[in-house]
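Worksheet for the structure shown next.
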Number of protein chains: 4
Amino acid sequence: MEESKAEASGARRQPAGRKSQQRVKDILQAGREVFSEKGYERATTAEIAQRLGVSEATVFSYFRGKRELCARVIADWYDEIIAAIETGLPRDGSARQQFAFIVRTHLRLMLVHGTGMCSLVLSEGRAKHHELSAELTALQRRYTAPLMRVLSQGQQAGQIRADFPLRLMRSMVFGPMEHVLWDATLAHRTLDIDGTADRLVDVLWTALQPPAPALDSLTRLKEDVSEAMRRYDTATKKDTHR
Amino acid sequence: MEESKAEASGARRQPAGRKSQQRVKDILQAGREVFSEKGYERATTAEIAQRLGVSEATVFSYFRGKRELCARVIADWYDEIIAAIETGLPRDGSARQQFAFIVRTHLRLMLVHGTGMCSLVLSEGRAKHHELSAELTALQRRYTAPLMRVLSQGQQAGQIRADFPLRLMRSMVFGPMEHVLWDATLAHRTLDIDGTADRLVDVLWTALQPPAPALDSLTRLKEDVSEAMRRYDTATKKDTHR
Amino acid sequence: MEESKAEASGARRQPAGRKSQQRVKDILQAGREVFSEKGYERATTAEIAQRLGVSEATVFSYFRGKRELCARVIADWYDEIIAAIETGLPRDGSARQQFAFIVRTHLRLMLVHGTGMCSLVLSEGRAKHHELSAELTALQRRYTAPLMRVLSQGQQAGQIRADFPLRLMRSMVFGPMEHVLWDATLAHRTLDIDGTADRLVDVLWTALQPPAPALDSLTRLKEDVSEAMRRYDTATKKDTHR
Amino acid sequence: MEESKAEASGARRQPAGRKSQQRVKDILQAGREVFSEKGYERATTAEIAQRLGVSEATVFSYFRGKRELCARVIADWYDEIIAAIETGLPRDGSARQQFAFIVRTHLRLMLVHGTGMCSLVLSEGRAKHHELSAELTALQRRYTAPLMRVLSQGQQAGQIRADFPLRLMRSMVFGPMEHVLWDATLAHRTLDIDGTADRLVDVLWTALQPPAPALDSLTRLKEDVSEAMRRYDTATKKDTHR
DNA sequence: GATGAATGAGATTTCATTCAT
DNA sequence: AATGAATGAAATCTCATTCAT
């Protein structure tokens with residue numbers, strides 16, 4: 001995945017060698033730092049070069065320009081998150097487990113890279129950078145795809161309310177996460193990621209569920225099930241005693 | 001309110017006359033437009049002046065610089081929203097009504113001014129503007145105060161779950177709103193404000209309510225069982241197909 | 001004429017004032033010098049500014065960029081030559097006189113401004129500068145129009161051979177002039193403009209004439225005419241003696 | 001001939017091997033293409049190397065720098081034309097035949113290599129390249145030598161007018177050729193080389209011949225008289241119209 | 001002998017800001 | 001009070017050229 005992108009990039013000189021690939025990585029790393037700290041406009045190629053201890057010209061011989069470097073930085077960040085989600089997603093787990101995994105992973109990865117990347121994506125995504133916006137849109141689709149899938153399947157299984165646009169649900173999920181990160185960054189406070197993730201999952205899952213059915217039919221169900229269990233236990237004990 | 005800020009601001013020359021006050025307003029208006037359209041960095045003093053049909057120098061005789069002008073623009077925007085909320089809040093209404101009012105008003109005002117102002121605040125708020133950040137923090141506190149009050153009172157009245165940090169609840173409310181706006185802007189689609197507000201209020205209010213304990217755990221039980229059944233069915237089917 | 005162009009130019013700030021117009025002229029003058037000495041590529045905005053004793057930024061506030069400045073320089077040069085030709089052309093003179101005027105004037109003006117402008121026009125005209133080439137083509141048409149007119153009329157009057165493409169004739173006229181200038185410049189020798197012009201006109205006019213009619217019919221003509229003259233003289237003398 | 005130049009050039013490393021000589025040729029070929037397409041300044045060493053599929057560094061190990069490479073490219077071009085002229089010149093033919101050969105051959109060779117080389121020579125020849133200008137001047141002398149010889153011999157044989165500086169005659173010959181090429185290039189039209197050459201030879205040869213004195217003055221006389229008549233007619237007509 | 005990699009030295013261009021009038 | 005004019009400082013980007021491998 002990394003390699004294919006490296007070739008796709010419009011570096012002035014094709015970075016074939018091993019050393020070259022390392023340079024590309026280094027520059028991307030420095031770029032990610034600077035862009036996410038300063039935002040696209042305030043970031044300067046000079047600073048990116050300086051952090052690496054190379055000349056600006058070096059940066060420009062690996063990337064066509066600031067714009068393209070930033071595009072690659074963003075794309076890589078997306079790729080990482082997408083890969084992490086797609087790799088780790090417990091496909092055999094319950095819908096709730098999958099949902100929880102997505103939320104937790106997002107929150108973690110976003111925090112690892114700071115809110116900088118997040119805001120970078122949002123800010124730069126908004127402007128009309130012709131070359132960029134096409135790619136970004138595609139990435140954003142892949143990026144939210146796992147959540148959308150889980151939500152959609154949940155709807156079909158009746159676990160998630162169907163009287164609600166998916167698009168709005170997505171905002172209900174990503175919105176709070178981003179806001180929580182902003183909040184933490186602005187207030188210079190460290191975030192209890194897992195605790196926050198758990199709470200968010202808890203409350204969001206509840207919110208997304210279909211309106212509760214009547215209490216008594218549930219109670220009846222519970223009683224039926226627990227009676228079934230008890231009978232099963234009884235039977236089992238007998239077996240055990242044998 | 002306007003006056004107090006005028007004094008606080010570092011206008012170079014005394015904004016005594018009536019005409020002067022109008023100039024200040026005009027510049028702030030033009031500034032708001034340009035800053036929210038372009039963002040802080042991409043906005044230029046030249047364009048702000050040009051939209052007003054005055055010279056750049058004029059802008060600089062009313063404001064110490066671009067930075068300060070932007071600060072005032074942001075502050076005014078906050079003031080307006082805060083005023084709108086505080087004025088219109090149905091203090092005698094139910095907690096849910098107050099909550100609904102806050103959400104709806106926010107969504108409306110944010111959309112009226114475009115997401116530009118919103119993103120401007122977020123982006124510029126993040127950077128370390130020594131002079132600015134103090135003011136901004138204060139504004140943000142006043143800005144979210146009404147919501148915080150409603151939530152807090154709701155908790156005391158038992159209408160809102162108490163096992164949840166207020167700060168997180170705030171993110172649960174503001175986060176989706178901002179995300180919805182971003183989404184609409186990015187996708188170039190017009191937003192059904194009131195419909196969206198209603199749905200958000202509906203689902204958020206439900207989510208923030210204290211769980212009816214019995215109901216909650218029952219629901220959870222039912223869900224677990226039915227998911228178990230489904231998995232069993234799936235497994236069985238696979239076997240059947242063999 | 002100068003004024004209309006000044007308005008048409010894309011200066012960043014509209015140069016309304018008198019001082020501004022002078023600056024525009026100054027910059028154009030400096031630009032003409034530098035561009036014609038160094039050619040487009042080797043000329044730098046820094047040098048243009050430096051010769052005027054202003055900062056580079058000043059140049060850029062009167063012209064959108066190097067490209068545009070150069071376009072204006074070229075356009076002005078063309079305008080001057082065109083104006084000089086059109087103003088001074090002896091429209092009531094013989095075809096040969098008009099031809100001579102055009103050649104002499106061109107040679108003079110080209111030399112006054114050095115071959116730099118000439119080569120600038122040729123070199124830069126060749127490349128595909130979208131914005132420029134349209135204008136340049138139009139200018140070049142106006143520039144060669146007087147000569148073409150004279151040649152065309154000469155053909156109709158039978159003074160200039162008609163079995164020869166006009167386009168090629170134009171090359172026959174302008175080609176040697178440019179070459180002579182190159183030659184002089186390269187050899188660092190001062191040119192005897194008027195002598196050269198006379199000689200060129202002489203030989204070119206001969207070359208462009210229709211192939212000579214038979215010698216004897218001309219001789220017969222001469223004899224007829226001279227006899228007519230003689231008769232006239234005789235008659236006149238009689239009158240004089242009265 | 002090739003070898004003598006190879007030694008004269010400042011190749012960094014000894015171009016001893018056969019392979020090396022091929023490299024030099026390849027680079028010169030690529031250089032000629034790029035320089036003539038783009039001109040000296042806009043040509044880049046990167047592109048020259050790229051067209052050959054070698055690294056820039058390779059180019060620099062065969063030539064001291066861009067400047068020197070360009071000098072060699074120009075020198076080679078001159079050499080080719082000079083050789084073609086000197087080889088093919090019909091020394092036993094008439095003066096007119098020799099003249100025609102020179103014109104035709106020049107036109108052909110110039111067109112073969114595009115006007116690029118031609119303009120390259122002119123543009124770059126003008127600037128003050130200390131190292132280059134000496135060589136170039138010598139080349140230019142050899143380049144025009146055949147024509148000069150023919151003209152000079154023609155003068156002595158009475159076939160070409162002697163009342164005319166040779167230098168100017170040279171401009172009369174080369175000037176139109178270059179102009180015709182420019183014209184064709186600028187107008188993106190393909191040139192009928194042989195037709196144009198024939199016409200040029202025709203008209204130029206006539207022009208360069210010594211005036212048949214009687215014929216010449218007679219022609220002039222006739223012309224003057226007929227023009228006088230025409231003017232009279234015109235004047236009369238005006239009167240008539242009143 | 002060839003080259004991958006790096007870079008110094010510019011060039012163009014932008015823009016907030018100042019100041020005399 | 002308003003502004004025309006000027007500019008310092010910086011940012012992006014280009015390219016010929018060098019050198020270790």
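Chain naming here is simple, since letters A, B, ... match the order of the sequence lines and numbering starts at 1 in each. Just so you know, these numbers use all the heavy atoms, side chains as well, and skip hydrogens, waters and symmetry mates.
Mapping A/Glu56 and C/Val59 onto DNA chain F by nearest heavy atom places C/Val59 at the nucleotide closer to the 5' end. Nearest-nucleotide assignment on DNA chain F puts the 5′-proximal partner with B/Gly53, out of B/Gly53 and C/Val54.
Here B/Thr58 lies in heavy-atom contact (under 4.0 Å) with a base. Here A/Ala43 lies in heavy-atom contact (under 4.0 Å) with sugar-phosphate atoms only. When heavy atoms are screened at a 4.0 angstrom cut-off, B/Thr44 is found touching the sugar-phosphate backbone but no base atom.
The side chain of C/Ser20 approaches F/dA5 more closely than any other nucleotide in the set F/dT17, F/dA5, F/dT14. Candidate nucleotides E/dT7, E/dT14, F/dA5 were compared by shortest atom distance to the side chain of A/Ser55, and E/dT7 ranks first. With E/dC15, F/dC13, E/dT7 as the candidates, the nucleotide lying closest to the side chain of C/Ala57 is E/dC15.
Taking a pair as Watson-Crick or G-U with both hydrogen-bonding distances under 3.5 Å, the stems of three or more pairs touching DNA chain F are E:2-21 with F:2-21.
A donor and an acceptor atom, one from each side chain of A/Thr58 and A/Ser61, are nowhere located under 3.5 Å apart.
When the side chain to side chain contact (heavy atoms under 4.5 Å, CB included) test is applied to A/Ala49, the partners found at least two apart in sequence or on another chain are A/Val54, A/Glu56, A/Val59.
The distance from atom CG of B/Asp26 to atom C1' of F/dA2 is 15 Å, rounded to the nearest whole Å. Per the geometry, CD1 belonging to A/Ile48 stands 8 Å off P belonging to F/dT12, to the nearest Å. If you take CD of B/Gln22 and P of F/dA2, they are 12 Å apart, rounded to a whole angstrom. The nearest whole Å value for the distance from the CZ atom in C/Phe63 to the C1' atom in F/dA6 is 16 Å. As rounded to whole Å, 18 Å separates atom C1' of F/dT14 from atom NZ of A/Lys66. Rounded to an integer number of Å, the gap from CD of B/Gln50 to P of E/dT14 is 15 Å.
The phosphate of E/dA2 has OP1 or OP2 within less than 4.0 Å of a side-chain N or O from D/Arg23. An OP1 or OP2 oxygen of F/dT12 is reached within less than 4.0 angstrom by a side-chain nitrogen or oxygen of A/Thr45. A sub-4.0 Å separation between OP1 or OP2 of E/dA2 and a side-chain N or O of D/Tyr62 is present.
Considering only heavy atoms from C-beta on, D/Leu120 stays 4.5 Å or farther from D/Trp77 through its side chain. Counting only heavy atoms from C-beta outward, the side chains of B/Tyr40 and B/Arg67 approach each other to under 4.5 Å.
For the salt bridge (Lys or Arg N to Asp or Glu O under 4.0 Å) criterion with C/Glu68, the lone passing option out of C/Lys66, C/Arg64, C/Arg72 is C/Arg64.
Contact between C/Val34 and C/Ala43 at its shortest, heavy atoms only, is CG1-CB, 3.6 Å.
The pair B/Lys38-B/Glu33 does not count as a salt bridge, with every side-chain nitrogen at least 4.0 angstrom from each carboxylate oxygen.
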